[in-house]
Amino acid sequence: QKEVEQNSGPLSVPEGAIASLNCTYSDRGSQSFFWYRQYSGKSPELIMFIYSNGDKEDGRFTAQLNKASQYVSLLIRDSQPSDSATYLCAVNRRSGYSTLTFGKGTMLLVSP
Amino acid sequence: NAGVTQTPKFQVLKTGQSMTLQCAQDMNHNSMYWYRQDPGMGLRLIYYSASEGTTDKGEVPNGYNVSRLNKREFSLRLESAAPSQTSVYFCASSEGGAGYNEQFFGPGTRLTVL
């Protein structure tokens, strides 16, 4: 089982819709979860992180964490064409120093 | 503030050649990282440096060496390049461990090994 799994997409949504990006992880002891956004040809940048079960909101973005189901998601409300990018889910590795394991990313396409 | 800078931006090597990728950060971060990104593979950690004077292997260290020259600079060396090392390489830094701190990424180096 891969450590961090994401559907590669592309996920296509119309402008103004809610985009839902999902991620599952295998290490039940993982404690911190990150969403990075990467535009084509650019470097990743942090959108949100979440540590506790439940929802965390930041503007149009909501991260949801369910540790019992080993599932983390990112909701983007009122999607804009400028949200079209690849979204990388990352989970901390418990062993050794604190580093991240990244999923392969989900490509989101928002059509005008 | 330049953030994280990387040189070169592009490089083409022949099999067996060596090269060093340079990375520097001006945010006074303790931790620095080298990742590679291949199509459809996401980011994979090559090496990291938790603090000045320390380096450790990540998921895919074979064929690479690193040097944490000082707090600002972290270099990645390919001693004998192979076509399998064709990739985009990202350097990143964070104040503390990446599991609890935002990572800031450099612009990347696109490396092709023929």
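Environment of CG in B/Leu69: crowded, with over 12 heavy atoms of neighbouring residues, nucleotides or ligands closer than 6.0 Å. Counted within 6.0 Å of CE on A/Met107, heavy atoms from surrounding residues, nucleotides or ligands total 12 or fewer; the atom is thus considered open. Taking a 6.0 Å sphere around CZ of B/Arg110, one finds it holds 12 or fewer heavy atoms contributed by other residues, nucleotides or ligands.
B/Met32 and B/Tyr48 are assigned to two separate hydrophobic clusters, defined by single-linkage of ILVMFWY side chains at heavy-atom distances under 4.5 Å. Residues B/Leu13 and B/Tyr64 share a hydrophobic cluster, clusters being chains of Ile/Leu/Val/Met/Phe/Trp/Tyr side chains in contact below 4.5 Å. Note on B/Leu45 and B/Val66: separate hydrophobic clusters, where clusters join Ile, Leu, Val, Met, Phe, Trp and Tyr whose side-chain heavy atoms are under 4.5 Å apart, directly or indirectly. Note on A/Leu74: it clusters hydrophobically with A/Val13, by side-chain heavy-atom contacts below 4.5 Å among ILVMFWY residues. In the hydrophobic clustering of this structure, B/Leu111 does not group with B/Val88; members are Ile, Leu, Val, Met, Phe, Trp, Tyr whose side-chain heavy atoms approach within less than 4.5 Å, directly or through other members.
When all heavy atoms are compared, the tightest approach of A/Ser43 to B/Gly106 is CB-O, 3.0 Å. Taking every heavy atom of both residues into account, B/Asn101 and A/Phe34 meet most closely at O-CE2, 4.0 Å.
A/Phe33 does not touch chain B: none of its heavy atoms, backbone or side chain, sits under 4.5 Å away. A/Gln38 touches chain B through its side chain: at least one heavy atom from C-beta onward sits under 4.5 Å away, while N, CA, C and O do not. Of the atoms belonging to B/Tyr35, it is side-chain heavy atoms, and not backbone ones, that fall under 4.5 Å from chain A. Of the atoms belonging to B/Tyr100, heavy atoms from both backbone and side chain fall under 4.5 Å from chain A.
Proximity to chain B at a heavy-atom threshold of 4.5 Å picks out A/Leu46, A/Tyr51 from residues 45-55 of chain A, in numerical order.
B/Tyr33 places no side-chain N or O within donor-acceptor distance of the main-chain N or O of A/Leu100, the cut-off being under 3.5 Å.
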Carefully, step by step, assess B/Gln103 and A/Tyr36 under the rule side chain to side chain contact (heavy atoms under 4.5 Å, CB included). CA-CA 10 Å; B/Gln103 285 188 90; A/Tyr36 282 82; 3.4 Å; yes
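In this structure, the side chains of A/Phe102 and B/Gln37 stay at 4.5 Å or more apart for every pair of heavy atoms.
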